[in-house]
Number of protein chains: 2
Amino acid sequence: MALSDLERDFVMHFGEMGSRWGIARTVGQIYAVLFLSERPLCADALVQALGVSRSNVSMGLKELESWNLVRRKHVAGDRREYFETPEDIWQIVRTLIAERKKREIDPTLSTLRELELRTPAEGDAHAHARIAALREHIEGMMRFYEELDRLETKSLVRLMKMGRSISHLATAPGRILPLRNKGA
Amino acid sequence: MALSDLERDFVMHFGEMGSRWGIARTVGQIYAVLFLSERPLCADALVQALGVSRSNVSMGLKELESWNLVRRKHVAGDRREYFETPEDIWQIVRTLIAERKKREIDPTLSTLRELELRTPAEGDAHAHARIAALREHIEGMMRFYEELDRLETKSLVRLMKMGRSISHLATAPGRILPLRNKGA
DNA sequence: ATGTCTTTTCAGAAATTTCTGAAACTCATG
DNA sequence: CATGAGTTTCAGAAATTTCTGAAAAGACAT
């Protein structure tokens with residue numbers, strides 16, 4: 001399982017970007033190889049393709065499974081386990097966003113709620129208000145996200161394709177949504 | 001500059017979460033202190049509040065400035081520099097998203113474009129197609145994001161408050177956007 | 001049960017990131 | 001132009017994260 005030039009460059013890029021995300025380099029690379037592969041791959045193929053240890057691949061796959069980004073697939077007449085990414089890129093993006101929300105937003109939201117419930121001490125009025133504002137704000141965005149997430153993929157595609165029409169709400173005759181100025 | 005219990009817990013939480021994001025713990029903490037503070041703070045106040053080295057604060061502030069999340073503010077009759085976060089949480093969120101896009105999405109997009117321009121070698125047809133699909137996909141989402149980003153804050157707020165009305169597009173009589181099934 | 005093939009776990013090695021203290025720099029003021 | 005309060009830089013120390021090799025655990029056929 002040697003990678004072509006194209007594959008190698010793609011995989012290396014995902015390795016680098018991995019660090020900017022918060023996933024280990026190899027985890028990004030494993031994902032990238034699976035993403036490009038036409039068929040499911042077994043762990044050894046990944047070891048060969050990436051030149052990392054078998055155990056590292058095992059742990060990476062485990063992490064990717066915990067993100068629901070990789071599935072196990074059994075191949076008839078082969079004892080080894082095979083792995084694949086979902087075909088549908090929309091599905092991948094949905095999963096990614098859902099998982100990031102779960103890991104990055106939800107814990108913060110519950111901390112904020114907890115802090116907000118406390119009776120603020122003497123000088124805490126401002127901090128307390130600021131925390132409440134932040135919490136409300138995040139909740140609002142999450143409601144919006146959940147609305148979008150309810151839409152079928154086809155609808156989402158259409159919504160994004162429409163593009164302009166969101167701001168048509170702003171520019172059309174009976175507009176409700178003013179645009180903002182260019183700056184910043 | 002000692003922190004109250006409320007402040008301390010908030011700040012600590014942001015420190016922890018910082019790691020899940022890709023910003024150093026102290027950077028998250030510095031930001032959190034400034035976010036809660038009613039008035040701009042000088043670097044030494046942060047040193048005291050957090051118990052970290054002066055140089056660490058200096059570097060953290062520099063990083064936060066590079067993210068446009070913190071501004072310098074001069075206080076009359078004081079030689080020290082003061083720092084503050086924008087008051088408006090919407091502004092903060094916009095900045096955060098814009099910066100994350102710049103750091104996490106844009107470089108990937110340009111790599112993908114570059115890879116796509118290459119003439120695919122022998123066995124690369126599938127990988128090439130997959131890369132193209134990913135690129136298109138990301139571009140679509142970015143166009144959508146840019147549309148939303150054009151809206152004035154007030155409009156965004158309204159859009160998010162409306163909540164349901166996005167899916168009204170789906171459920172209303174002349175609906176265009178079907179909802180998807182509960183699963184996943 | 002036993003042997004073979006495969007995957008997982010885990011302690012510590014290696015690599016990377018974060019943080020510190022000391023030195024260098026900046027700049028308004030005497 | 002020397003002083004000193006304040007800030008930044010940077011080399012290396014400390015902490016954290018990632019990766020490896022060896023050993024344990026599973027799974028399946030015989």
Side-chain angles (χ1 to χ4, degrees), chain A residues 1 11-12 14-34 40-67 69-84 103-104, chain B residues 1 11-12 14-34 40-67 69-84 103-104:
Chain A
M1 253 299 298
V11 166
M12 290 308 138
F14 266 69
E16 300 311 317
M17 290 314 279
S19 343
R20 296 208 195 177
W21 278 59
I23 65 170
R25 186 212 308 265
T26 348
V27 177
Q29 292 178 341
I30 292 172
Y31 185 76
V33 172
L34 290 174
L41 297 177
C42 66
D44 271 316
L46 292 164
V47 168
Q48 288 208 286
L50 299 173
V52 297
S53 74
R54 184 52 236 275
S55 52
N56 199 357
V57 167
S58 174
M59 286 170 125
L61 286 168
K62 196 173 133 194
E63 173 154 8
L64 288 168
E65 278 183 288
S66 86
W67 280 77
L69 284 171
V70 154
R71 285 194 296 256
R72 266 155 219 267
K73 178 142 199 178
H74 289 281
V75 167
D78 193 328
R79 247 162 93 179
R80 291 170 297 181
E81 305 223 55
Y82 283 75
F83 298 86
E84 66 179 1
R103 287 153 207 252
E104 300 183 353
Chain B
M1 252 298 298
V11 166
M12 290 309 139
F14 266 69
E16 299 311 317
M17 289 314 278
S19 340
R20 296 208 194 177
W21 278 59
I23 66 171
R25 186 211 309 268
T26 345
V27 177
Q29 292 178 342
I30 292 171
Y31 184 77
V33 172
L34 291 174
L41 298 176
C42 66
D44 271 317
L46 292 164
V47 168
Q48 288 207 286
L50 299 173
V52 297
S53 74
R54 184 55 236 274
S55 51
N56 198 357
V57 168
S58 173
M59 286 170 126
L61 286 168
K62 198 173 132 195
E63 172 154 8
L64 287 167
E65 277 182 290
S66 85
W67 280 76
L69 285 171
V70 153
R71 284 193 296 255
R72 264 154 222 270
K73 177 142 202 180
H74 289 280
V75 167
D78 193 329
R79 245 163 93 181
R80 290 171 298 180
E81 307 224 55
Y82 283 75
F83 298 85
E84 66 179 2
R103 286 154 207 251
E104 300 182 352

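Chain letters run A, B, ... following the sequence lines, proteins first, then strands; residues in each count from 1. Quantities reported herein were computed from a predicted structural model and do not represent experimental measurements.
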Student: Just verifying a value: how many Å separate Met12(A) CE and Gln29(A) CD, rounded to the nearest 0.5 Å?
Tutor: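 Between atom CE of Met12(A) and atom CD of Gln29(A) there are 4.5 Å.
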Student: To check you understand the geometry: which heavy-atom pair defines the closest contact between Val70(B) and Glu65(B), and what is its length?
Tutor: O-CG, 3.7 Å
Student: Could you state the interatomic distance from CG (Leu41(B)) to CG (Leu61(B)), rounded to the nearest 0.5 Å?
Tutor: 10.0 Å
Student: Counting only heavy atoms and a strict 4.0 angstrom limit, can you tell me which residues of residues 56-64 of chain A come near DNA chain C?
Tutor: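 Heavy-atom cutoff 4.0 Å gives Ser58(A), Met59(A), Lys62(A).
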Student: Can you tell me how far the CD1 atom of Ile30(A) sits from the CD1 atom of Ile23(A), to the nearest 0.5 Å?
Tutor: 9.5 Å
Student: Relative to the 5' end of DNA chain C, which residue comes earlier, Ser19(A) or Glu81(A), by the nucleotide with the nearest heavy atom?
Tutor: Glu81(A)
Student: First and last nucleotide of DNA chain D touching chain B, 5' to 3', heavy-atom cut-off 4.0 Å?
Tutor: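 Endpoints of the contacted stretch of DNA chain D: dG4(D) to dT16(D).
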Student: Reading DNA chain D from 5' onward, which residue's closest nucleotide shows up sooner: Arg25(B) or Arg79(A)?
Tutor: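 It is Arg25(B), whose closest nucleotide lies nearer the 5' terminus.
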Student: Out of curiosity, Asn56(B) CG to Arg25(B) CZ, how far, rounded to the nearest 0.5 Å?
Tutor: 10.5 Å
Student: Under a 4.0 Å heavy-atom cut-off, which of residues 44-55 of chain B touch DNA chain C?
Tutor: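 Correct list: Val52(B), Ser53(B), Ser55(B).
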Student: Starting from the 5' end of DNA chain C, give me the residue, Cys42(A) or Thr26(B), whose nearest nucleotide shows up first.
Tutor: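 Mapping each residue to its closest nucleotide by heavy atoms, the 5'-most match is Cys42(A).
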Student: Can a donor-acceptor pair be found, under 3.5 Å and without considering hydrogens, that links the side chain of Arg20(B) to the backbone of Arg103(A)?
Tutor: yes
Student: Measure the spacing between SG of Cys42(B) and CD of Gln48(B) and express it to the nearest 0.5 Å.
Tutor: 8.5 Å
Student: I want to check something: taking the side chain as every heavy atom from C-beta on, are Phe83(A) and Arg72(A) in contact at a cut-off of under 4.5 Å?
Tutor: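 Result yes, sub-4.5 Å side-chain heavy-atom pair found.
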Student: Any side-chain heavy atom of Leu34(B) sitting closer than 4.5 Å to one from Glu84(B)?
Tutor: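 Not touching, per the 4.5 Å side-chain cut-off.
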Student: Taking all atoms of both residues into account, what is the closest heavy-atom pair of Ala32(A) and Phe14(A), and its distance?
Tutor: CB-CB, 3.7 Å
